[in-house]
Colleague: 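Here you go, one structure.
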Amino acid sequence: MKGVVLAGGTGSRLFPLTKITNKHLLPIYDRPMIYFPIQTLVDAGIHDIMVVTGGRNSGDFLRLLSNGKNFGLKHINYTYQEGEGGIADALALAEHFADGQKICVILGDNIIESSIRRAADCFRKQERGAHILLKEVPDAERFGVAEIADGRIVGIEEKPARPKSSYAVTGVYTYDATVFDKIKTLVPSGRGELEITDVNNAYINEGTLTFSTLEGWWTDAGTFDSLLRAANLVKQSSPALTAQAIAESDR
């Protein structure tokens, strides 16, 4: 299974911090934000990774990440998203990279405490379809929200005013190769973007979407409040991989 980190967009909610850099290069306590999703994929046993960048500072990703040796990788692939076409639009750029294989997609501003290895291994054994990770949160209206009945997800609503559950769809998705065919059938939402929620609902409609619940804490880092929350959570959790360890491995 291959991995895709989506790190495009303009980061307008974090302006003026993002006036001079990409959102995913901002610090989360002692590391750049982009380090976290890459490490999440590596910890799940995924070592063939593409980073989808965007904006005016995309070259900084190459300067920072190089070939991925700090993560034990031999190579990192890069591609560029023009404008803000949405998450599904960014994912479409990885079709050639995926080359018919299953993929694990993670949003570049998602910070996760625990490993997703169990979910990744589960999907490796799943014959077809998709598998997503849910997390119970107090502010579900900020996210895509899963409606669950009889142990199955029967629908997902994007940022609903009245959520049908408290289970948010986290920014970790695993898909089979048909995801790119599904993206090609999408039409832009009211926001003018191709929504990943529509992709997930397409898998629901064909009865091939499974899910599990994420253990430990999870947060995005796309607003000032969530950026601060992410930094505090990382500091409190004392993760094994520190900026000092990364620096030492680069000597």
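In this text the structure is predicted, and so the values were computed from the model without any measurement.
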Colleague: Could you pull out all residues at least two apart from Thr40 that satisfy side-chain hydrogen bond (donor to acceptor under 3.5 Å, both in side chains)?
Modeller: none

Colleague: Between CG of Leu133 and CD1 of Ile112, what distance do you get to the nearest 0.5 Å?
Modeller: 7.0 Å

Colleague: Determine the minimum heavy-atom distance between Ile28 and Ala221, stating which atoms define it.
Modeller: CD1-CB, 4.0 Å

Colleague: Once you round to the nearest 0.5 Å, how far does CD1 of Ile34 lie from NZ of Lys23?
Modeller: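 If we round to the nearest 0.5 Å, Ile34:CD1 and Lys23:NZ are 10.5 Å apart.
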
Colleague: Would you indicate whether Arg191, at its atom CZ, is surrounded by more than 12 heavy atoms from other residues, nucleotides or ligands within a distance under 6.0 Å?
Modeller: yes

Colleague: With heavy-atom distances below 4.5 Å as the criterion, would you say the side chains of Ile116 and Cys104 are in contact?
Modeller: yes

Colleague: Keeping to residues at least two apart or across chains, list the ring-ring contact (aromatic ring centres under 6.0 Å, His included) pairs with something in residues 201-232.
Modeller: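 Checked against ring-ring contact (aromatic ring centres under 6.0 Å, His included) - neighbours excluded - the pairs reaching residues 201-232 are Phe143-Trp218, Tyr175-Tyr203.
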
Colleague: Looking at every non-hydrogen atom in both residues, tell me the closest pair between Ile183 and Ala88 and how far apart they are.
Modeller: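 Closest approach of Ile183 to Ala88, heavy atoms only: CD1-O, 3.5 Å.
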
Colleague: Which pairs with one or both residues in residues 83-139 pass ring-ring contact (aromatic ring centres under 6.0 Å, His included), sequence neighbours excluded?
Modeller: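 Sorted result for residues 83-139: empty, none.
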
Colleague: Any pair with a residue in residues 172-188 that passes salt bridge (charged side-chain N to carboxylate O under 4.0 Å, His left out), sequence neighbours left out, goes on the list, sorted by first then second residue, please.
Modeller: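 Applying salt bridge (charged side-chain N to carboxylate O under 4.0 Å, His left out) to every pair that reaches into residues 172-188, excluding sequence neighbours, yields Glu95-Lys184, Lys182-Glu206.
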
Colleague: Could you please spell out the steps behind the side-chain contact (heavy atoms from CB on, under 4.5 Å) verdict for Val169 and Leu134?
Modeller: CA-CA 5 Å; Val169 179; Leu134 305 181; 3.8 Å; yes

Colleague: Rounded to the nearest 0.5 Å, what separates atom OG1 in Thr170 from atom CG in Leu107?
Modeller: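 One finds 8.0 Å between OG1 of Thr170 and CG of Leu107.
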
Colleague: Flag the pair Thr53 / Leu62 as yes when at least one side-chain heavy-atom distance between them is below 4.5 Å, and no otherwise.
Modeller: no

Colleague: Could you see if Met1 belongs to whatever hydrophobic cluster contains Phe71? Use Ile, Leu, Val, Met, Phe, Trp, Tyr and a side-chain cutoff under 4.5 Å.
Modeller: yes

Colleague: Minimum heavy-atom separation for Gly108 to Pro37, with atom names?
Modeller: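 Smallest heavy-atom distance, with atoms named: O-CG, 3.7 Å.
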
Colleague: Hey, are the side chains of Asp109 and Met33 touching, using non-hydrogen atoms and a 4.5 Å cut-off?
Modeller: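 Asp109 reaches Met33 side chain to side chain.
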
Colleague: Run the numbers on Val187 and Asp198 for side-chain contact (heavy atoms from CB on, under 4.5 Å), then give the verdict.
Modeller: CA-CA 9 Å; Val187 296; Asp198 292 338; over 6 Å; no

Colleague: Decide side chain to side chain donor-acceptor pair (under 3.5 Å) for Glu215 and Ser114; before the verdict, give the C-alpha distance in whole Å, the side-chain angles of both, and the deciding distance to 0.1 Å.
Modeller: CA-CA 6 Å; Glu215 298 179 358; Ser114 59; 5.3 Å; no

Colleague: Walk me through it: do Asn22 and Ser58 pass the test side-chain contact (heavy atoms from CB on, under 4.5 Å)?
Modeller: CA-CA 7 Å; Asn22 183 288; Ser58 57; over 6 Å; no

Colleague: What's the spacing between Cys122 SG and Arg117 CZ if we round to 0.5 Å?
Modeller: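 Spacing of SG (Cys122) from CZ (Arg117) equals 13.5 Å.
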
Colleague: So which atom in Ile46 and which in Gly3 form the shortest heavy-atom distance, rounded to 0.1 Å?
Modeller: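 Reported closest heavy-atom pair: CG2-N, 3.4 Å.
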
Colleague: Following the transitive rule for hydrophobic clusters with a side-chain heavy-atom cut-off under 4.5 Å over Ile, Leu, Val, Met, Phe, Trp and Tyr, establish whether Met50 and Ile76 coincide in one cluster.
Modeller: no

Colleague: Between Val137 and Ala168, which heavy-atom pair has the shortest distance, and what is it?
Modeller: CG2-CB, 3.8 Å

Colleague: Check residues 146-156 and write down every donor-acceptor pair under 3.5 Å in which the side-chain atom is one partner and the other belongs to a residue at least two apart or another chain.
Modeller:
none

Colleague: Please list all pairs meeting salt bridge (charged side-chain N to carboxylate O under 4.0 Å, His left out) that have one or both residues in residues 136-146, counting only residues at least two apart or in different chains.
Modeller: Asp139-Arg142, Arg142-Asp220

Colleague: Hydrophobic cluster membership, with links at side-chain heavy-atom distances under 4.5 Å among I/L/V/M/F/W/Y: are Val52 and Ile106 in one?
Modeller: no

Colleague: Would you compute the distance between atom OG1 of Thr197 and atom NZ of Lys159 and round it to the nearest 0.5 angstrom?
Modeller: 7.5 Å

Colleague: Holding to side-chain contact (heavy atoms from CB on, under 4.5 Å), I want the full list of residues that pass it with Ala98, two or more places apart in sequence or in another chain.
Modeller: Ile103, Phe180

Colleague: Kindly give the heavy-atom pair with the smallest separation between Ile20 and Asn57, and that separation in Å.
Modeller: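 Shortest heavy-atom separation between Ile20 and Asn57 comes out as O-ND2, 3.3 Å.
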
Colleague: So, do His47 and Val42 sit near enough that their side-chain heavy atoms are less than 4.5 Å apart?
Modeller: yes

Colleague: Which pairs with one or both residues in residues 122-134 pass salt bridge (charged side-chain N to carboxylate O under 4.0 Å, His left out), sequence neighbours excluded?
Modeller: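 Counting only pairs at least two positions apart or across chains, the salt bridge (charged side-chain N to carboxylate O under 4.0 Å, His left out) contacts touching residues 122-134 are Asp121-Arg124.
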
Colleague: Is the backbone N or O of Gly55 less than 3.5 Å from a side-chain atom of Tyr80, with the two atoms forming a donor-acceptor pair by type?
Modeller: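 Yes; judged by distance alone, with no hydrogens or angles, the pair exists.
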
Colleague: Among residues at least two apart in sequence or on other chains, which ones pass salt bridge (charged side-chain N to carboxylate O under 4.0 Å, His left out) with Glu157?
Modeller: none

Colleague: If Ile, Leu, Val, Met, Phe, Trp and Tyr residues are connected whenever their side-chain heavy atoms lie under 4.5 Å apart, and connections chain through other members, are Val105 and Val5 in the same group?
Modeller: no

Colleague: Which residues pass the salt bridge (charged side-chain N to carboxylate O under 4.0 Å, His left out) test with Asp99, not counting sequence neighbours?
Modeller: none

Colleague: For residues 36-57, which residue pairs qualify under salt bridge (charged side-chain N to carboxylate O under 4.0 Å, His left out), counting only residues two or more places apart or in two chains?
Modeller: Lys2-Asp48

Colleague: Can you find a heavy atom in the side chain of Asp60 that is under 4.5 Å from one in the side chain of Arg63?
Modeller: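 In contact.
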
Colleague: Checking side-chain contact (heavy atoms from CB on, under 4.5 Å) between Tyr173 and each of Leu209, Val179, Leu91, Asn200, which is the one that passes?
Modeller: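 So the option named by the test is Asn200.
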
Colleague: Quick one: list whatever passes side-chain hydrogen bond (donor to acceptor under 3.5 Å, both in side chains) with Asp89, sequence neighbours left out.
Modeller: Gln81

Colleague: Nearest 0.5 Å please: distance from the CZ atom of Arg13 over to the CG atom of Leu227.
Modeller: 11.0 Å

Colleague: With a 4.5 Å heavy-atom cut-off, do Tyr35 and Leu64 have their side chains touching?
Modeller: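 Of all side-chain heavy-atom pairs linking Leu64 with Tyr35, at least one is under 4.5 Å.
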
Colleague: Linking I/L/V/M/F/W/Y whenever any side-chain heavy atoms sit under 4.5 Å apart, do Ile196 and Leu41 land together?
Modeller: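 They do not share one cluster, since no chain of ILVMFWY contacts under 4.5 Å joins Ile196 to Leu41.
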
Colleague: Before you tell me yes or no, could you show the steps for Lys74 and Asn67 under side-chain contact (heavy atoms from CB on, under 4.5 Å), namely the whole-Å CA-CA distance, both residues' side-chain angles and the distance that decides it to 0.1 Å?
Modeller: CA-CA 6 Å; Lys74 295 181 179 179; Asn67 59 5; over 6 Å; no

Colleague: Between the side chains of Glu113 and Ser237, is a donor N or O closer than 3.5 angstrom to an acceptor N or O?
Modeller: no

